[in-house]
Amino acid sequence: AAKFLRSAQTVPGLSFFRNYSAAAPTTKLFINGKFVESKTTEFLDVHNPATNEVVTRVPKATQDEMLSAVEAAKEALKAWSRASIMARQQVMFKYQQLIKDNIHELAKIITLEQGKTLADAEGDVLRGLQVVEHCCSITSLQLGETLPGIARDIDTHSYRVPLGVCAGIAPFNFPAMIPLWMFPVALVCGNTYIFKPSERVPGCSMLLVEMLKEAGCPDGVVNVIHGQHAAVNFICDNPDIRAISFVGSNSAGEYIYERGSKNGKRVQSNMGAKNHGVVMPDANKESTLTQLVGAAFGAAGQRCMALSTAVFVGEAQKWLPDLVDKAKKLRVNAGHIADADLGPVISPEAKQRICSLVQSGIDEGASCVLDGRNIVVPGYETGNFVGPTILSDVKPNMTCYKEEIFGPVLVTLSVDTLDEAIDVINRNMYGNGTAIFTTNGATARKFTNDIDVGQVGVNVPIPVPLPMFSFTGSRGSFRGDANFYGKAGINFYTQLKTVTQMWREADVTPTHSATAMPV
Ligand code: NAD
């Protein structure tokens, strides 16, 4: 850890060090293997969500800086795309160890800039680390196919070859996991990269690229630019960038998918969600309510796989008071306080939006059975805190149901049958995740067969697949053909090349020299 934390700068509210912004409270760009100060005059402030103190200032990279990042990636591509697959694998072996060794430092910077609890921040790193570990299997994952003898003396081989310079655009809610869904997969396949972190949580990405350099990744193979719309448009339009991975909201994701695709790029776009948890009356009540509370309010509800909607079937609706009791017990505090269950939301604007969506539910006829909007956290009065909030009697036509709230708010609906629950979920525009809680296997089987959602949990509230599978959100939650990480991720970051070769058996060089007298 000490290697990354050379120059000390104590940050208010949380004591730790960062080396890449020691001289001035600005975040650097990372171009051609060097941390460089941007020449821009435009910066965005990054705040600690627990205090709203400024932590760092993020530059909006200039066009020249972004172009130099692409030039560095193009130059590095020449050697990196031809480096042996074993050499790229070795970088990943070292990288996964460095991430493991520095997990606490990474978690601290996540908590500082994003607000989630330290335990949750470590989980954020761990889920990204698993993708890096999976990348270590690239020698099996990138195998092509071969078919000998497709005609006389002719064989065909297919290869998975890199695309070239690729790019990633990330959201604020998982500052480690989502960047690690992107550049490690691209790099290990032989591509080079332009990465744009969320302008709200740049710090973790900077540590991650420094560790990648330390792991032996050559200069220029990964480059980090910062910014908002201009940086996104640059990535969508630059003719040297071949593919874009995006994770974030629907408004940005649909825009990037369209603009990038129009420019001939391959785009994968993971977007918003409204994940429903179906509670059957035969479910194990205690564990179901515990899981619901964790999945609805953990990370202050700012997970794309948060269970933000509960659908109680039949008698299960009588469990609502017990659910409220459990939610009330959660401790809301700054993320670095040891016993915090949930931290603040990302910004005052996010808090305001969450509160107004709760109010819209009340105005449209829902009941607010737990109201966390006016919570005050002693010592952190200026933070963006929202306590666990539960709306009941919600109907599918209400704004609080239709919109992704992205805060610690659980909306609950009641229906009479499993079929009705399935119908509600299949009518919702999103298809990211869902879960059913039941002790009946036949009920679970019917649900998994009939539900039109990409990631389904049975007694598992947040069914995010490990990287031997892929992240398979669907419908309004995804645009593209190949999903993130796993085999689909390798497919996304490679293109097929098929080689058909003819070598006539009759042309084999004779190896036996004639010794007899020619006649
Ligand atoms: P966001 O869309 O605001 O930002 C994501 C990225 O897009 C950032 O890098 C930002 O700079 C850029 N961006 C923002 N607005 C833009 C615009 N109008 N035009 C071009 N670029 C723009 O998302 P966020 O608030 O950082 O993240 C929360 C959202 O991400 C939620 O909707 C959540 O469900 C979603 N999310 C989805 C997944 C998934 O895998 N499906 C995972 C995590 C988060």
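Numbers here simply count residues along the sequence, with the first being 1. The shown structure was predicted, so the numbers you read here are calculated from the model rather than taken from an experiment. When reading the values below, keep in mind they use all heavy atoms of this one structure, side chains included, and skip hydrogens, waters and symmetry mates.
Interatomic distance, NE2 of H276 versus OG1 of T434, reported as 7.0 Å (0.5 Å rounding). To the nearest 0.5 Å, the span separating OH on Y430 from CE on M271 amounts to 8.5 Å. To the nearest 0.5 angstrom, S84 atom OG is 9.0 Å from Q89 atom CD. Expressed to the nearest 0.5 Å, how far CD1 of I110 lies from CG of D124 amounts to 4.0 Å. Atom NZ of K196 and atom CG of L29 lie 12.0 Å apart (nearest 0.5 Å). Taken to the nearest 0.5 Å, the CG atom of N384 stands 11.0 Å off from the CD atom of Q352.
Judged by distance alone, the side chain of K265 and the main-chain N or O of I241 form a donor-acceptor pair under 3.5 Å. No side-chain donor-acceptor contact under 3.5 Å links N52 to the backbone of G383. Of the possible polar contacts, one joining the Q302 side chain to the I346 backbone as a donor-acceptor pair under 3.5 Å is found. Looking only at distances, a side-chain donor or acceptor of N432 sits under 3.5 Å from a matching main-chain atom of C304. Side chain of S474 to backbone of G431: a donor-acceptor contact under 3.5 angstrom is found. At distances below 3.5 Å, not a single donor-acceptor pair connects side-chain atoms of S198 with backbone N or O atoms of A170. The backbone N or O of V54 lies less than 3.5 Å from no partner atom in the side chain of D45, so there is not a single donor-acceptor pair. Under the 3.5 Å distance criterion, the side-chain polar atoms of R242 are left unmatched by any main-chain donor or acceptor of P162. Looking only at distances, a side-chain donor or acceptor of Y193 sits under 3.5 Å from a matching main-chain atom of A167. Remark: side-chain polar atoms of N250 are paired, donor with acceptor, to backbone N or O of G476 under 3.5 angstrom.
You'll find the side chain of L180 stays beyond 4.5 Å of the side chain of Y485, heavy atoms only. When side chains are defined from C-beta on, L212 counts as touching L187, because their heavy atoms get closer than 4.5 Å. At least one side-chain heavy atom of I405 sits less than 4.5 Å from a side-chain heavy atom of V411. The side-chain heavy atoms of V125 and N102, taken from C-beta on, include no pair separated by under 4.5 Å. A heavy-atom distance below 4.5 Å is found between the side chains of C189 and Q142. For the pair S205 and F30, the minimum side-chain heavy-atom distance is 4.5 Å or more. Residues P463 and V456 form no side-chain contact, since every pair of their non-hydrogen atoms from C-beta on lies 4.5 Å or further apart. Side-chain contact between S38 and E65 is present, with at least one heavy-atom pair separated by less than 4.5 Å.
With respect to the salt-bridge test (charged N to carboxylate O, under 4.0 angstrom), the residues E258 and K262 qualify. Under a 4.0 Å N-O distance rule, the pair E210/K213 does not qualify as a salt bridge.
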* Intermediate values then yes/no, side-chain hydrogen bond (donor to acceptor under 3.5 Å, both in side chains), R373 and Q359 -> CA-CA 10 Å; R373 288 176 292 174; Q359 189 57 45; 2.8 Å; yes
* From CA spacing to verdict: side-chain contact (heavy atoms from CB on, under 4.5 Å), V267, R479 -> CA-CA 8 Å; V267 186; R479 292 273 185 285; over 6 Å; no
* Show your reasoning for whether side-chain contact (heavy atoms from CB on, under 4.5 Å) applies to I225 and I235. => CA-CA 10 Å; I225 60 172; I235 288 172; 4.2 Å; yes
* Worked verdict on E404 versus S308 for side-chain hydrogen bond (donor to acceptor under 3.5 Å, both in side chains) -> CA-CA 8 Å; E404 181 183 34; S308 55; over 6 Å; no
* To do: Could you give me the CA-CA distance, side-chain angles and deciding distance for F174 and R303, then say whether side-chain contact (heavy atoms from CB on, under 4.5 Å) is met?
  => CA-CA 8 Å; F174 281 99; R303 292 182 182 133; 3.7 Å; yes
* Stepwise side-chain hydrogen bond (donor to acceptor under 3.5 Å, both in side chains) test for T498 and S158 -> CA-CA 4 Å; T498 49; S158 75; over 6 Å; no
* After noting the C-alpha distance and the side-chain angles of T51 and Y380, does the key distance pass the side-chain contact (heavy atoms from CB on, under 4.5 Å) rule? -> CA-CA 6 Å; T51 60; Y380 294 92; 3.8 Å; yes
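The closest side-chain donor-acceptor pair between T27 and T56 falls under 3.5 angstrom.
Taking every heavy atom of both residues into account, D219 and G33 meet most closely at OD1-CA, 3.5 Å. Shortest non-hydrogen contact noted between A482 and A488 is CB-O, 3.6 Å. Residues P202 and V46 share a closest heavy-atom pair of CD-CG2, 3.8 Å. In this structure, V188 and C135 approach most closely via the heavy-atom pair CG2-O, 3.6 Å. The minimum heavy-atom distance linking N483 with Q268 is given by the pair O-NE2, 3.1 Å. For the pair N428 and R475, the tightest heavy-atom approach, listed with the atom from each and the gap, is O-NH1, 2.6 Å.
Taking the six-membered ring where the residue is Trp, F183 and F195 present perpendicular rings, their angle passing 60° and hence far from 30°.
Atom CG of D452 sits in a crowded spot, with more than 12 heavy atoms from other residues, nucleotides or ligands closer than 6.0 Å. Under a cut-off of 6.0 angstrom, the local environment of NE2 in H104 is sparse, with at most 12 non-hydrogen atoms contributed by other residues, nucleotides or ligands.
Each of M211, E133, Q130 was scored for a side chain to side chain contact (heavy atoms under 4.5 Å, CB included) with Q96, with one residue passing: E133. Partner F484 forms a ring-ring contact (aromatic ring centres under 6.0 Å, His included) with one of W181, F471, F492 and no other, that one being W181.
A ring-centre distance under 6.0 Å is not found for H226 and F43.
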